[in-house]
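Numbers restart at 1 for each chain; the letters A, B, ... are given by sequence-line order, proteins then strands. Just the heavy atoms: all of them, side chains too, but no hydrogens, waters or symmetry mates, feed the values below.
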Amino acid sequence: MSEAYNPKTIEKKWQDIWAEEKAFSAPNDYTRPKFYALVEFPYPSGQGLHVGHPRPYTALDIVSRKRRMQGYNVLFPMGWDAFGLPTENYAIKNKIHPRIVTENNVHRFKTQLQSLGYSFDWDREVNTTDPGYYKWTQWIFLKLFKAGLAYKSEMPINWCTSCKVGLANEEVVNGVCERCGSPVVRRVKSQWMLKITAYADKLIDDLDTVDYITPVKVSQKNWIGRSYGAEVDFQLAGTEDKLTVFTTRPDTLFGATYMVVSPEHPYIDKYKDSINNYEEVLAYRDAAARKSDFERTELAKDKTGVEIKGLKAINPVNGNEIPIWVSDYVLMSYGTGAIMAVPAHDERDWEFAKKFGLPIVEVVAGGNVDEAAFTDVATGKLVNSGFLNGLDVADAKKAITEWLAEKGLGHSKKNFKLRDWVFSRQRYWGEPIPIIKCPKCGFVPVPEEELPLMLPEVENYMPTDNGESPLAHMRDWVETTCPCCGSKAERETDTMPQWAGSSWYFLRYLDPHNNDALASKEALNYWMPVDWYNGGMEHTTLHLLYSRFWHKFLYDQGVVPCPEPYQKRTSHGMILGENGEKMSKSRGNVINPDDIVSEFGADTLRTYEMFIGAFNLAASWSQDGVKGCRRFLDRVWGLSSMLVNGDAYTADMETKMHQTIKKVSSDFESMKYNTAIAALMSLLNDFYKKGSINKAEFKTFLTLLNPVAPHITEELWQEAGFEGRLYQATWPEYDEAKTIEKTVEVAVQVNGKIRGYIQIAPDADKDTAIAAGKEAVKDRLTGTIVKEVYVPGRLVNIVQK
RNA sequence: GCGGGUGUGGCGGAAUGGCAGACGCAUCAGACUCAAAAUCUGACGGGGGUGACUUCGUGAGGGUUCGAGUCCCUCCACCCGCACCA
């Protein structure tokens with residue numbers, strides 16, 4: 001073969017052949033060992049594919065191709081997470097229906113992904129905007145509703161004062177609207193909520209049963225934020241009411257010298273007649289409400305507050321009457337919205353007490369509470385605390401909690417930072433929430449047999465002036481009758497957030513055309529759980545947590561066979577621009593994958609993105625690096641002109657062949673793609689040095705490289721006249737014994753410094769090695785030998801005085 | 001402030017506690033060429049030496065060890081999250 005390597009023709013050729021032969025379809029052959037590899041399906045944006053997409057996709061494509069050659073039935077699917085705001089905004093701006101925008105974008109993305117030669121099973125493609133798909137998204141919502149896990153609640157939302165529309169958090173940048181730059185304020189609206197907090201404990205505890213990379217587990221745990229403590233009741237002096245607080249330090253109760261309530265605490269209104277400075281308190285509350293998130297962050301270090309005069313609380317443990325303050329450092333959304341302040345042992349309380357001259361009483365000895373709050377729970381001993389004196393913190397916690405329970409003044413309690421999931425969007429391009437609002441029956445689910453509740457075709461999908469969903473315009477869609485009592489009723493006009501469709505998509509791949517269930521029992525039992533899921537760290541506390549929640553719910557409902565959806569979760573680093581900054585249009589450092597494919601070929605792009613650096617770390621793009629990978633493939637192409645006969649590895653190559661098979665096999669599994677490719681480059685260099693490669697060696701080399709560069713290897717396989725298709729070949733085996741060199745160079749050190757080398761068998765015994773080593777450095781052995789170290793195959797170290 | 005991550009040649013990066021810098025890029029030299037490109041071959045951390053060699057060197061400083069990029073302690077810088085969660 002004398003023609004030069006031309007990826008343009010061979011890549012198209014093999015993509016067509018693979019499609020025609022259905023090379024990568026995952027048959028429902030439930031007798032074979034299965035492997036379910038999953039990558040996050042993309043949001044088909046108008047920008048087209050980003051060079052960031054191929055990094056994770058190629059990585060799991062490599063693993064999938066390898067596993068197929070190892071005999072697994074591999075499911076590696078792809079689909080489209082196509083509902084969402086950018087499409088809707090683009091549609092509004094350009095006056096094109098979002099459905100059309102989505103179709104166009106999906107077409108472009110699919111063409112781009114296909115040009116990269118991924119071994120996706122395209123027969124299982126899913127699209128979240130397809131009614132046949134969102135039928136089941138709505139079905140799951142109804143299950144949640146019927147189980148009491150979907151409810152409506154007044155929630156503050158982000159409201160753009162200029163666009164007059166509710167915004168997602170992601171659309172608010174530094175307190176202003178991302179699109180128009182106008183200030184964003186909080187506005188209370190009735191929203192659908194999902195009770196993810198009901199699964200808070202399971203979402204933490206079951207992390208022990210899955211194989212996720214540590215940063216993901218840590219982030220999820222911190223995000224859920226479970227903490228153990230106690231709720232304690234403080235009597236409001238002169239009333240029948242109690243002010244309840246949550247604390248993780250009930251042991252410090254004797255040191256509680258005042259209390260603080262959040263500005264939104266209901267007692268401010270309830271006791272306004274008893275509050276002497278109500279006007280002042282109200283002014284503080286209004287000021288706090290006006291603060292934007294940005295200001296709250298900025299002012300976090302400087303505590304503000306107002307004493308509520310006329311109300312006092314009684315410390316239950318010593319009967320002291322203590323003042324109550326209001327301050328925005330106490331959040332209504334966590335615990336009870338009120339705290340007991342122990343300035344001696346809490347930094348925030350200490351700061352507040354110092355500023356307002358409140359008493360600081362030390363109850364845990366070990367620090368200097370005049371200087372700083374003492375928060376060390378490991379070493380302190382209780383003082384000034386009556387019956388707790390002398391105990392350490394852990395014992396004191398236990399003792400006081402028991403005491404509180406006995407007296408009916410409190411009880412142990414655990415709390416979470418996790419909040420319920422705001423599930424409503426006042427937008428058009430999302431799944432309609434299948435609920436009917438009946439004046440008599442309340443919220444009534446749309447009957448299951450009426451699903452999917454189709455998103456109506458509308459002329460005008462612009463947001464309304466009053467913040468209602470555009471669907472509210474559609475009176476003939478909105479007005480309906482109650483399925484329960486038959487009276488006039490209205491449909492819910494909110495739609496679901498983008499996270500809905502992506503919370504269960506991995507289930508639909510199993511059986512994407514099933515109209516009777518989200519997937520058949522057989523398919524679920526065979527394929528679940530996902531064996532390996534790779535995705536971005538940015539989804540750790542949103543998509544990944546949401547989908548685990550839905551899956552756990554579906555498990556409790558008997559819909560899915562396993563409590564966790566993903567057995568293993570890994571994550572890739574970002575690809576940055578050549579200047580080391582995040583790629584963006586404004587920075588002018590965006591690389592378009594299409595350009596790389598047309599100039600260098602898909603195999604080069606795949607190889608480069610895998611060679612760029614450690615998979616889990618961010619990496620900067622380098623056009624020279626791309627060229628280097630193309631040069632590597634050119635040299636691979638050149639191997640065919642060195643091809644000689646031979647059905648077994650030649651003697652001088654045998655060790656290296658077995659070593660490379662071993663290294664590439666394990667590196668692919670541990671995501672060390674860069675070193676796997678380096679090993680293949682090194683092997684290639686050896687063939688060049690030698691000037692020949694035999695057929696056995698060529699077969700192995702092509703097979704090892706195939707997962708990374710599938711087109712060129714398949715072409716060379718065919719050109720060399722090897723049997724069948726390379727994608728159907730068997731992954732090569734290595735013989736551990738044959739990975740070991742006959743002799744190796746072993747460094748000889750004297751007192752830890754290298755002074756010579758010996759050639760010796762790697763498994764030589766210690767006496768032989770030490771003797772040879774001493775001989776090699778005999779001129780330097782002038783002192784008394786105190787130690788002789790021998791690491792087979794590595795080094796000899798003679799330690800002398 | 002808290003949590004997670006990262007610091008190694010000119011650059012991207014390799015190194016189960018055991019020869020630091022594999023592999024690639026850039027650069028330089030040689031071969032080929034009228035020439036250039038491409039390709040092939042070789043050199044390529046700093047200092048010293050004609051040289052075989054020698055010495056220093058993995059963000060900084062300590063420590064453990066025969067031996068530390070790797071383990072421990074104290075710091076520093078940068079990146080990414082979270083942000084008063086009682």
Original post:
Quick one: is A:K672 getting a side-chain N or O under 4.0 Å of the B:A15 phosphate, OP1 or OP2?
Top reply: yes
Original post:
Which listed nucleotide (B:U54, B:C82, B:A14) is nearest to the side chain of A:T675?
Top reply: B:A14
Subject >> Nearest listed nucleotide, side chain of A:R755, among B:U41, B:U55, B:G67 >> reply: B:U55
Original post:
Between B:C19, B:C66, B:G13, which nucleotide has the shortest distance from any of its atoms to the side chain of A:K787?
Top reply: B:C66
Subject >> Cation-aromatic face contact A:K303/A:Y329, 6.0 Å, 45 degrees >> reply: yes
Subject >> Base-pairing mate for B:G1 - Watson-Crick or G-U, with both contacts under 3.5 Å >> reply: B:C82
**OP:** Side chain of A:A678 only, please: which of B:A14, B:A22, B:C66 is the nearest?
**Re:** B:A22
**OP:** In whole angstrom, give me the gap between the P atoms of B:G59 and B:U8.
**Re:** 6 Å
**OP:** Scan A:K766, A:Q800, A:K774 and name whichever one has a side-chain hydrogen bond (donor to acceptor under 3.5 Å, both in side chains) with A:E788.
**Re:** A:K774
Subject >> A:I308 vs A:W325, side chain to side chain contact (heavy atoms under 4.5 Å, CB included): CA-CA, chis, key distance, verdict >> reply: CA-CA 5 Å; A:I308 300 178; A:W325 286 64; 6.0 Å; no
Original post:
Are a donor atom and an acceptor atom from the side chains of A:N685 and A:S682 found within less than 3.5 Å of each other?
Top reply: no
**OP:** Please determine which of A:T58, A:N534, A:N616 meets the side-chain hydrogen bond (donor to acceptor under 3.5 Å, both in side chains) test together with A:H572.
**Re:** A:N534
Subject >> Between A:T655 and A:K742, a side-chain donor and acceptor under 3.5 Å >> reply: no
Original post:
RNA chain B: A:N751 or A:T248, which has the more 5' nearest nucleotide?
Top reply: A:N751
Subject >> Spacing of the C1' atoms in B:A68 and B:G81 (rounded, Å) >> reply: 32 Å
Subject >> G-U wobble or Watson-Crick pairing nucleotide for B:U33 (cut-off 3.5 Å, both distances) >> reply: none
**OP:** For B:G24 versus B:G69, give the span between their P atoms, rounded off to a whole number of Å.
**Re:** 25 Å
Original post:
Hey, which of these two, A:A619 or A:Q749, hits RNA chain B nearer its 5' end, going by closest nucleotide?
Top reply: A:A619
Subject >> B:C28 pairs with, by Watson-Crick or G-U criteria that keep both distances under 3.5 Å >> reply: B:G42
Subject >> Rounded C1' spacing from B:U16 to B:G67 in Å >> reply: 16 Å
Subject >> Length of the line joining A:K753:NZ and B:A20:P, which is rounded to integer Å >> reply: 10 Å
Original post:
Who is the Watson-Crick or G-U wobble partner of B:A20, with both distances under 3.5 Å?
Top reply: none
**OP:** Spell out protein contact along nucleotides 3-9 of chain B as letters: B when the base is contacted, S when just the sugar-phosphate is, - when no protein heavy atom is under 4.0 Å; keep the 5' to 3' order.
**Re:** SS-S---
Original post:
For A:Y267, which residues count as a ring pair (Phe, Tyr, Trp, His ring centres under 6.0 Å) partner, sequence neighbours excluded?
Top reply: A:H265, A:Y271
**OP:** Could you give me the CA-CA distance, side-chain angles and deciding distance for A:S327 and A:F352, then say whether side chain to side chain contact (heavy atoms under 4.5 Å, CB included) is met?
**Re:** CA-CA 9 Å; A:S327 172; A:F352 193 83; 3.8 Å; yes
Original post:
B:U58 pairs with which nucleotide, Watson-Crick or G-U wobble, both distances below 3.5 Å?
Top reply: none
Original post:
In terms of base orientation, is B:G51 syn or anti, with the syn window spanning 90° either side of 0?
Top reply: anti
**OP:** Using the P atoms only, state how far B:G10 lies from B:G45, rounded to an integer number of Å.
**Re:** 10 Å
Original post:
Base, sugar-phosphate, or nothing for A:A614, non-hydrogen atoms under 4.0 angstrom?
Top reply: sugar-phosphate
Original post:
What's the closest nucleotide to the A:E745 side chain, out of B:G42, B:C84, B:C19?
Top reply: B:C19
Subject >> Among B:C82, B:C84, B:C66, the one nearest A:V799 by side-chain distance >> reply: B:C66
Below 3.5 Å between N/O atoms, which protein atoms pair up with nucleotides 24-31 of chain B? Just atom names and distances, please.
| from | atom 1 | to | atom 2 | distance (Å) |
| --- | --- | --- | --- | --- |
| B:G24 | OP1 | A:N685 | ND2 | 3.1 |
| B:C25 | OP1 | A:R631 | NH1 | 2.9 |

**OP:** State whether A:R794 places a side-chain N or O below 4.0 Å from either non-bridging phosphate oxygen (OP1 or OP2) of B:U16.
**Re:** no
Subject >> Step-by-step ring-ring contact (aromatic ring centres under 6.0 Å, His included) determination, A:F611 to A:Y673 >> reply: CA-CA 6 Å; A:F611 189 59; A:Y673 306 103; over 10 Å; no
Subject >> Nearest listed nucleotide, side chain of A:D346, among B:C19, B:A86, B:G18 >> reply: B:A86
Original post:
How is A:I798 classified with respect to the nucleic acid when contacts are heavy atoms under 4.0 Å: base, sugar-phosphate, or nothing?
Top reply: nothing
**OP:** Kindly assign one of parallel, tilted or perpendicular to the pair A:H543 and A:H539, based on the angle between their ring planes and the thresholds 30° and 60°.
**Re:** perpendicular
Original post:
Using the C1' atom in both, what is the distance from B:G21 to B:G46, to the nearest Å?
Top reply: 14 Å
Original post:
Roughly how far apart, to the nearest Å, are B:C76 and B:C23 at atom P?
Top reply: 38 Å
Subject >> Aromatic ring proximity, centroids under 6.0 angstrom, A:F416 and A:Y334 >> reply: no
